[in-house]
Q: 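Once you've had a glance at the structure underneath, I'll fire off some questions.
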2 protein chains.
Amino acid sequence: MGALAYSMANGNVQQSEGPTIADRDALTKRENGVTSSSPMRLRMEQLIKTHQKEIVAALEKVDGKKFQVDSWDRPSGGGGITCVLQEGNVFEKAGVNISIVYGVLPRPAIEKMRVNHKALDPDVESLEFFAAGLSLVLHPRNPMAPTVHLNYRYFETANADGSPNAWWFGGGSDLTPSYLFDEDAIHFHRTLKTACDNHDRSYFPHFKAWCDKYFRNTHRNESRGVGGIFFDDLDETTKDREQLFAFVTEALAAFLPSYLPIIEKRKDLPYTEAEKQWQQLRRGRYVEFNLVHDRGTSFGLNTPGARVESILMSLPLTARWQYMHEPEKGSREERLLEVLKKPVEWV
Amino acid sequence: MGALAYSMANGNVQQSEGPTIADRDALTKRENGVTSSSPMRLRMEQLIKTHQKEIVAALEKVDGKKFQVDSWDRPSGGGGITCVLQEGNVFEKAGVNISIVYGVLPRPAIEKMRVNHKALDPDVESLEFFAAGLSLVLHPRNPMAPTVHLNYRYFETANADGSPNAWWFGGGSDLTPSYLFDEDAIHFHRTLKTACDNHDRSYFPHFKAWCDKYFRNTHRNESRGVGGIFFDDLDETTKDREQLFAFVTEALAAFLPSYLPIIEKRKDLPYTEAEKQWQQLRRGRYVEFNLVHDRGTSFGLNTPGARVESILMSLPLTARWQYMHEPEKGSREERLLEVLKKPVEWV
């Protein structure tokens with residue numbers, strides 16, 4: 001899911017009468033700051049901004065190199081911050097991106113969304129919306145260290161008076177090793193399970209299965225990686241909004257504990273030229289998933305005015321496609337492919 | 001357009017009563033061989049097989065290394081031959097692919113195709129079809145030597161008695177340099193124009209514009225390369241079938257003369273590490289087009305039972321994505337990007 005999955009409207013927004021939710025939010029922030037009684041939009045914006053900073057700081061500490069930071073504003077309100085570290089000591093490419101989008105949903109988009117969100121008003125020509133997301137992809141240099149992806153997002157539409165109409169949360173994180181260390185997969189999933197279980201014991205099994213289903217290169221009948229959690233469209237039919245926000249807050253906070261111990265353990269392992277090449281082939285599969293199957297990416301790329309470089313920061317620095325490559329019988333490479341064919345329950 | 005763009009039906013074909021067109025064609029071939037009075041299906045199959053052999057032989061002569069040749073049969077009739085040369089002396093990766101597909105089109109596919117082909121019977125639940133295509137992509141090592149792509153295809157549906165119902169031709173070839181030599185682009189287009197002009201003076205301008213429109217990374221507002229020709233759905237509303245076959249025959253024959261002089265001239269030019277890296281970035285754009293926009297590729301990848309390795313042989317051996325890469329002012333790299341923004345009339 002690209003971070004700009006929500007740039008549904010570009011700069012050319014039809015303004016409705018009265019203040020937009022972007023105007024209202026700017027005013028609220030100026031007058032009161034952001035507290036636990038602020039609109040969810042502002043709380044979510046604050047949450048992802050805080051985590052972007054924390055994650056970037058933690059990764060800079062691991063890598064020793066600084067991120068390049070690009071901020072931009074959107075004409076209709078909102079904007080984004082893209083942080084990219086390229087050719088670092090530990091990371092070949094690492095992107096940590098947030099975007100805050102205020103815009104107007106046209107009727108066809110509303111009709112599509114109503115399939116999952118009955119709260120959406122079917123009788124209007126357009127609706128103001130808000131979307132906030134944090135998205136990251138880390139591609140380490142060392143083929144023994146896994147790629148990791150995370151995305152958390154919040155979506156809201158507004159009634160004409162600015163009150164929230166429909167809203168939902170989506171998110172998750174997943175791990176993509178080139179060389180599989182079972183203990184890494186177990187640690188990653190266990191950390192996420194704990195975060196989930198604190199909110200609802202049904203979350204982890206449900207979101208793990210959803211992740212396995214979503215991050216799949218169906219054309220190769222293999223998963224992109226060893227999974228994690230994925231969820232979307234969590235709204236009032238799942239839990240109330242405070243409870244969901246509490247869950248998202250804890251799941252996001254679980255990211256660094258889920259990944260840092262793994263990268264620390266793997267980043268300096270010795271590896272061969274052949275192992276690096278296998279990693280490059282697996283990077284090719286990553287590109288295939290992101291460009292062929294990922295709905296957020298294709299949505300972003302087909303949105304006029306989207307910031308393409310922020311969407312495609314998810315792609316690895318380099319990738320490789322070799323015709324009819326087959327790993328050796330009994331090799332670690334072959335075992336990975338077997339695991340990717342049929343997802344494993346790690347915890 | 002992937003060569004397997006036509007693998008619409010996989011092995012599980014609903015057999016109609018009586019002999020299929022695959023049965024009929026096998027019998028005709030056995031009894032009479034293929035002559036100018038054979039069904040167009042067999043003549044097209046022969047044409048693309050002959051050209052695949054000629055092209056492979058010519059490229060082996062240029063490269064000094066042999067192609068790997070994989071043949072396969074399809075359970076419902078037809079099959080394919082994929083020829084790939086990887087890590088050659090001249091070509092980093094070169095694929096020359098043919099496929100012959102016999103199958104059954106279900107009603108929704110027929111309805112989609114009727115938009116362009118009114119001859120298709122709207123009152124049947126399914127229709128037998130035949131598709132034959134030759135597809136090639138050559139990625140040279142030397143960044144001064146351009147990538148080239150070609151695809152020629154013929155599609156036919158059959159009435160219940162085996163006689164042809166709707167039919168059409170599609171095809172074209174286009175050039176994708178990392179470093180632009182105007183004389184190469186001019187030579188390539190001039191050769192294609194001559195082949196087109198021999199059949200209809202309106203072909204070249206029309207098919208050149210179609211190519212520029214089709215091979216475009218719309219999300220970056222740039223063309224994949226410097227163009228060539230592209231056409232699809234050429235049927236009885238354009239010309240009669242013999243005339244179109246004669247045109248396709250000549251256009252295909254123009255491929256080697258359009259490309260060989262270019263590769264000969266560029267394959268041994270000196271280049272720097274930085275130029276090689278620019279080529280890798282351009283390869284990334286090639287991957288983006290093929291995976292995000294190319295209808296043939298996405299159609300093939302979404303077809304159950306398709307031969308993925310034959311479809312994705314079009315991808316380069318290696319590619320690179322660098323966040324916010326900008327070529328230097330006044331450089332050759334910058335000039336290429338300018339040309340790709342706004343297609344040029346080369347002849």
Side-chain angles (χ1 to χ4, degrees), chain A residues 2 4 67-70 82-87 92-95 97 137 139 217-222 277 280-281 283-294 297-326, chain B residues 2 4 67-70 82-87 92-95 97 137 139 217-222 277 280-281 283-294 297-326:
Chain A
L4 291 197
F67 277 77
Q68 171 181 346
V69 178
D70 292 323
T82 296
C83 301
V84 174
L85 190 165
Q86 218 160 239
E87 301 191 76
E92 208 159 87
K93 195 164 162 194
N97 204 7
V137 180
H139 294 290
N217 268 326
T218 49
H219 62 283
R220 295 195 182 264
N221 192 27
E222 68 182 37
Q277 195 138 315
Q280 292 297 298
L281 288 168
R283 297 266 205 259
R285 302 296 188 268
Y286 207 88
V287 172
E288 287 176 26
F289 179 82
N290 289 19
L291 296 185
V292 177
H293 299 291
D294 187 58
T297 303
S298 62
F299 185 87
L301 295 183
N302 288 308
T303 301
R307 191 172 190 266
V308 172
E309 287 293 321
S310 295
I311 299 169
L312 295 185
M313 66 151 209
S314 66
L315 299 182
L317 188 66
T318 53
R320 182 177 179 91
W321 284 268
Q322 211 166 312
Y323 176 69
M324 296 293 274
H325 182 275
E326 297 266 359
Chain B
L4 291 197
F67 277 78
Q68 171 182 346
V69 179
D70 292 323
T82 297
C83 301
V84 175
L85 190 164
Q86 218 161 238
E87 301 191 77
E92 208 159 87
K93 195 162 163 197
N97 203 7
V137 181
H139 293 291
N217 268 326
T218 48
H219 62 284
R220 294 195 182 267
N221 192 28
E222 68 182 36
Q277 195 138 314
Q280 294 297 298
L281 289 167
R283 297 268 204 260
R285 302 294 188 269
Y286 207 87
V287 172
E288 287 177 25
F289 179 82
N290 288 19
L291 296 185
V292 176
H293 299 291
D294 188 57
T297 303
S298 62
F299 184 88
L301 295 182
N302 288 308
T303 300
R307 191 171 190 267
V308 171
E309 287 293 322
S310 295
I311 299 169
L312 295 185
M313 67 152 210
S314 67
L315 299 182
L317 188 65
T318 52
R320 183 177 179 92
W321 283 269
Q322 211 166 312
Y323 176 69
M324 297 291 274
H325 183 275
E326 298 265 358

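First the proteins, then the strands, lettered A, B, ... as listed; each starts at 1.
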Q: Could you tell me which portion of A:L312 (side chain, backbone, both or neither) has an atom closer than 4.5 angstrom to a non-hydrogen atom of chain B?
A: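 Contact with chain B: side chain only.
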Q: In Å, rounded to the nearest 0.5 Å, how long is the span from NE2 of A:H219 to OG of B:S298?
A: 11.5 Å
Q: Name the option with the most non-hydrogen atom pairs under 4.5 Å to chain A; the candidates are B:T82, B:L315, B:L281, B:N290.
A: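 When all of B:T82, B:L315, B:L281, B:N290 are compared, B:L315 has the most.
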Q: With rounding to the nearest 0.5 angstrom, report the CD to OH distance, B:Q68 to A:Y323.
A: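 Interatomic distance, B:Q68 CD to A:Y323 OH, rounded to 0.5 Å: 5.5 Å.
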Q: Whether the side chain of A:Q322 engages the backbone of B:L317 through a donor-acceptor N/O pair (distance < 3.5 Å, no angle test) should be reported.
A: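 The answer is no, because no donor-acceptor pair under 3.5 Å joins these two groups.
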Q: In terms of heavy-atom proximity below 4.5 Å to chain A, should B:E288 be classed as side chain, backbone, both, or neither?
A: both
Q: Roughly how far apart are A:N302 CG and B:T218 OG1, rounded to 0.5 Å?
A: 6.0 Å
Q: The criterion is side-chain hydrogen bond (donor to acceptor under 3.5 Å, both in side chains); which residues satisfy it with A:N217, sequence neighbours excluded?
A: none
Q: Given the options B:H293, B:M324, B:H325, which has more heavy-atom pairs under 4.5 Å with chain A than any of the others?
A: B:M324
Q: Tell me, side chain or backbone of B:L301 under 4.5 Å from chain A's heavy atoms, or both, or neither?
A: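 Both parts, backbone and side chain.
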Q: Could you tell me whether the side chain of A:T318 reaches within less than 4.5 Å of the side chain of B:T318, counting heavy atoms only?
A: no
Q: About how many Å separate NE2 of B:H139 and CH2 of A:W321, when rounded to the nearest 0.5 Å?
A: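 Going from the CH2 atom of A:W321 to the NE2 atom of B:H139 covers 10.0 Å.
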Q: Tell me, which pairs form a salt bridge (Lys or Arg N to Asp or Glu O under 4.0 Å) where one or both residues lie in residues 309-321 of chain A, sequence neighbours left out?
A: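 As it turns out, the salt bridge (Lys or Arg N to Asp or Glu O under 4.0 Å) pairs with a partner in residues 309-321 of chain A, which skip direct neighbours, are A:E309-B:R220, A:R320-B:E87.
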